[in-house]
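What you are looking at is a predicted structure, and each value in this text was computed from that prediction instead of being measured. Values reported hereafter were calculated over all heavy atoms of this structure, with side chains retained and with hydrogens, waters and symmetry mates removed.
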Amino acid sequence: MKQVDKNILDLAVPSIVSNVTVPLLGLVDLAIVGHMGSEQYIAAIAVGSMIFNVIYWLFGFLRMGTSGMTSQALGRADHGSIKLLFRRSLSVALVIAGCFVVMQIPLRWLALTVIHPSEQIWPLASTYFNILIWGAPAMLGLYSLNGWFIGLQNTKIPMMVAIFQNVVNIVASLFFVFVLGMRIAGVALGTLVAQWSGFALALWMARRQFEGDEQLRRAEARAGDESVTWSSFFVVNRDIFLRTLCLVGVNLFFTSAGARQGDMMLAVNTLLMTFFTLFSYVMDGFAFAGEALSGKLYGAGDRVGLRHTIGRLFVWGMAMVVAFTTVYVVGGNSFLRLITNDERVIQASGEYFFWACMIPVAGMAAFVYDGIFIGLTATRGMLVSSFVATIAFFALFFLGIQRFAPNHVLWLSLIVYLLSRGLLQHVLIRKRIKI
């Protein structure tokens with residue numbers, strides 16, 4: 001195997017494992033409350049999880065910005081900047097999390113008002129929120145630490161932390177719920193313990209990184225290094241934050257537009273979007289590899305190596321497109337039956353199934369380029385491409401809905417959104433590094 005391919009897989013595979021384990025935190029909670037004897041507990045967990053998923057997704061820039069800047073510093077052999085980025089990213093994460101904790105009462109009211117659960121669900125969801133809000137410092141801190149480790153070309157530590165979190169979550173939640181009888185509070189407390197345990201493990205791993213690297217331990221930031229100033233740090237993270245807002249807007253609108261067509265269409269779209277979720281777990285792994293490798297090569301000024309690595313990333317991306325498309329076309333219906341035994345939903349999904357099979361072809365480039373753009377800290381290009389693609393999504397939907405079946409137009413808009421992101425990023429990257 002070529003060294004570049006080995007480097008890509010060494011970074012991508014642990015990241016894929018990490019991505020697959022992350023949803024297990026929520027699934028464990030759902031599995032436990034599913035045995036409490038009331039659907040209200042399930043609904044409360046769903047509402048609470050939705051709130052924190054949106055919050056943490058919006059602040060994903062803490063991981064991505066840190067990853068790109070750290071990998072470039074590594075490429076420059078600038079250990080002082082690596083050390084500075086560790087402190088700076090972690091400090092920003094804890095300040096933001098502190099604001100969430102301080103503002104938890106109005107934040108809880110706003111979130112529950114927007115979601116508007118029933119009177120029975122509101123107090124249960126509030127209990128879940130009141131406990132898990134204290135996990136914000138751990139979760140946002142983990143974002144920074146994971147980004148730092150990825151920037152150092154190490155995705156194995158985030159993988160180990162993710163697996164450890166899930167083990168702790170299972171044990172703690174089962175203990176609090178079934179031994180102490182704490183019910184919804186026990187589920188939340190188990191997750192909280194898992195979050196802080198994962199953060200503590202990551203901090204310990206970071207300490208070992210410092211102790212094992214003499215240059216890193218003794219290094220100081222270079223005077224006048226423009227790549228790690230506060231202004232550059234915030235510009236990179238601001239662009240990623242705004243780009244994430246575009247992604248969140250498209251995803252929330254997709255769900256809401258399906259819901260407005262009735263419960264059946266909402267169920268169909270939710271079912272088919274699992275194809276997108278599965279593909280994203282794998283492609284995010286290659287995106288993380290792109291962040292680490294492209295940032296290091298760009299920081300080292302190795303444009304030839306950078307172009308070659310980008311080419312190999314796309315070779316692996318195309319291999320994933322072929323693999324996933326084949327699996328979806330051949331076994332997609334069987335997969336749907338694993339998720340649900342409701343024949344009405346499965347039959348209704350058939351009309352829109354081909355859209356789900358187009359997701360790998362449409363979305364691969366956007367995933368790969370996202371990683372490359374983060375590694376190059378070309379975050380303005382990410383923002384511009386996402387903004388233009390978002391406009392295309394909404395324009396196509398509102399123009400097409402006047403003439404064609406709403407759900408077909410919704411899926412077409414999503415496919416165009418994914419395609420346009422990748423195409424725009426391709427144009428922008430050619431100008432930046434002249435591929």
Side-chain angles (χ1 to χ4, degrees), residues 7 10-11 15 59-98 137 140-158 161 199-241 288-303 305-306 309 371-380 382 432-433:
N7 292 340
D10 283 347
L11 291 166
S15 296
F59 288 91
F61 64 80
L62 290 166
R63 186 203 64 74
M64 290 182 276
T66 303
S67 170
M69 298 183 78
T70 302
S71 60
Q72 287 188 24
L74 181 66
R76 299 192 305 270
D78 183 359
H79 292 86
S81 293
I82 293 173
K83 191 174 183 178
L84 179 62
L85 284 163
F86 172 85
R87 295 198 302 262
R88 187 163 290 172
S89 179
L90 196 55
S91 298
V92 171
L94 295 179
V95 168
I96 293 172
L140 296 185
L142 263 176
Y143 277 16
S144 294
L145 291 173
N146 286 343
W148 190 71
F149 283 123
I150 292 170
L152 292 179
Q153 320 293 291
N154 188 337
T155 56
K156 290 185 175 66
I157 289 179
V161 170
F199 182 50
L201 178 60
L203 280 175
W204 182 71
M205 292 287 193
R207 181 181 177 182
R208 287 188 59 188
Q209 183 82 34
F210 281 108
E211 290 176 348
D213 191 327
E214 183 72 18
Q215 289 180 302
L216 187 59
R217 188 169 69 251
R218 296 181 178 275
E220 296 295 336
R222 296 173 182 172
D225 190 343
E226 295 299 321
S227 64
V228 292
T229 60
W230 276 111
S231 60
S232 63
F233 184 83
F234 280 117
V235 165
V236 167
N237 287 319
R238 177 202 63 196
D239 290 344
I240 297 174
F241 175 75
F288 289 0
E291 292 175 25
L293 294 172
S294 62
K296 182 181 179 181
L297 292 167
Y298 186 73
D302 185 358
R303 298 300 179 94
L306 176 59
T309 298
I372 295 166
F373 271 66
I374 289 167
L376 304 183
T377 58
T379 51
R380 182 57 52 85
M382 283 180 66
R432 184 171 181 111
I433 62 173

- Would you check, one step at a time, whether the test side chain to side chain contact (heavy atoms under 4.5 Å, CB included) holds for Phe199 with Leu145? CA-CA 8 Å; Phe199 182 50; Leu145 291 173; 3.6 Å; yes
- Task: Carefully, step by step, assess Ile374 and Met382 under the rule side chain to side chain contact (heavy atoms under 4.5 Å, CB included).
- Result: CA-CA 8 Å; Ile374 289 167; Met382 283 180 66; 3.5 Å; yes
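Rounded to the nearest 0.5 angstrom, Phe288 CZ and Gln153 CD are separated by 14.0 Å. Rounded to the nearest 0.5 angstrom, Thr66 OG1 and Phe86 CZ are separated by 10.5 Å. The distance from the CG atom of Asn154 to the CE atom of Met205 is 9.0 Å, given to the nearest 0.5 Å. Here the straight-line distance linking atom CG of Leu74 with atom NE2 of His79 works out to 7.0 Å at 0.5 Å rounding. For the atom pair CG (Leu62) and CG (Asn146), the distance works out to 11.0 Å, reported to the nearest 0.5 Å.
The two residues Ser144 and Ser89 come nearest to each other via the heavy atoms OG-OG, 2.8 Å. Nearest heavy atom pair, residue Ser81 against residue Ala73, reads CB-CB, 4.0 Å. Minimum heavy-atom separation, Leu11 to Thr155: O-OG1, 2.9 Å. Shown here for Ile240 and Gly65, the closest heavy-atom pair between the two residues is CD1-N, 3.6 Å.
Using a 4.5 Å heavy-atom threshold, the side chains of Phe233 and Val92 count as touching. At a threshold of 4.5 Å between non-hydrogen side-chain atoms, the residues Phe373 and Glu291 do not count as touching. No side-chain heavy atom of Thr70 sits less than 4.5 Å from a side-chain heavy atom of Phe149. Put simply, the side chain of Ile150 reaches to within 4.5 Å of the side chain of Arg63, judged on heavy atoms. Residues Leu376 and Leu306 are in side-chain contact: their nearest non-hydrogen atoms beyond the backbone lie under 4.5 Å apart.
Thr309 meets the side chain to side chain donor-acceptor pair (under 3.5 Å) test with no other residue; sequence neighbours excluded. In this structure Asn7 satisfies the side chain to side chain donor-acceptor pair (under 3.5 Å) test together with Gln3, sequence neighbours excluded. Not a single side chain to side chain donor-acceptor pair (under 3.5 Å) links Asp302 to another residue, sequence neighbours left out.
Panel note: side chain Gln72, backbone Gly375; a donor-acceptor pair is recorded below 3.5 Å.
Tested against Met69 for a side-chain contact (heavy atoms from CB on, under 4.5 Å), the candidates Leu85, Asn237, Ile82 yield a single pass: Leu85.
Aromatic ring orientation, Phe59 versus Phe241: tilted (interplanar angle from 30° to 60°).
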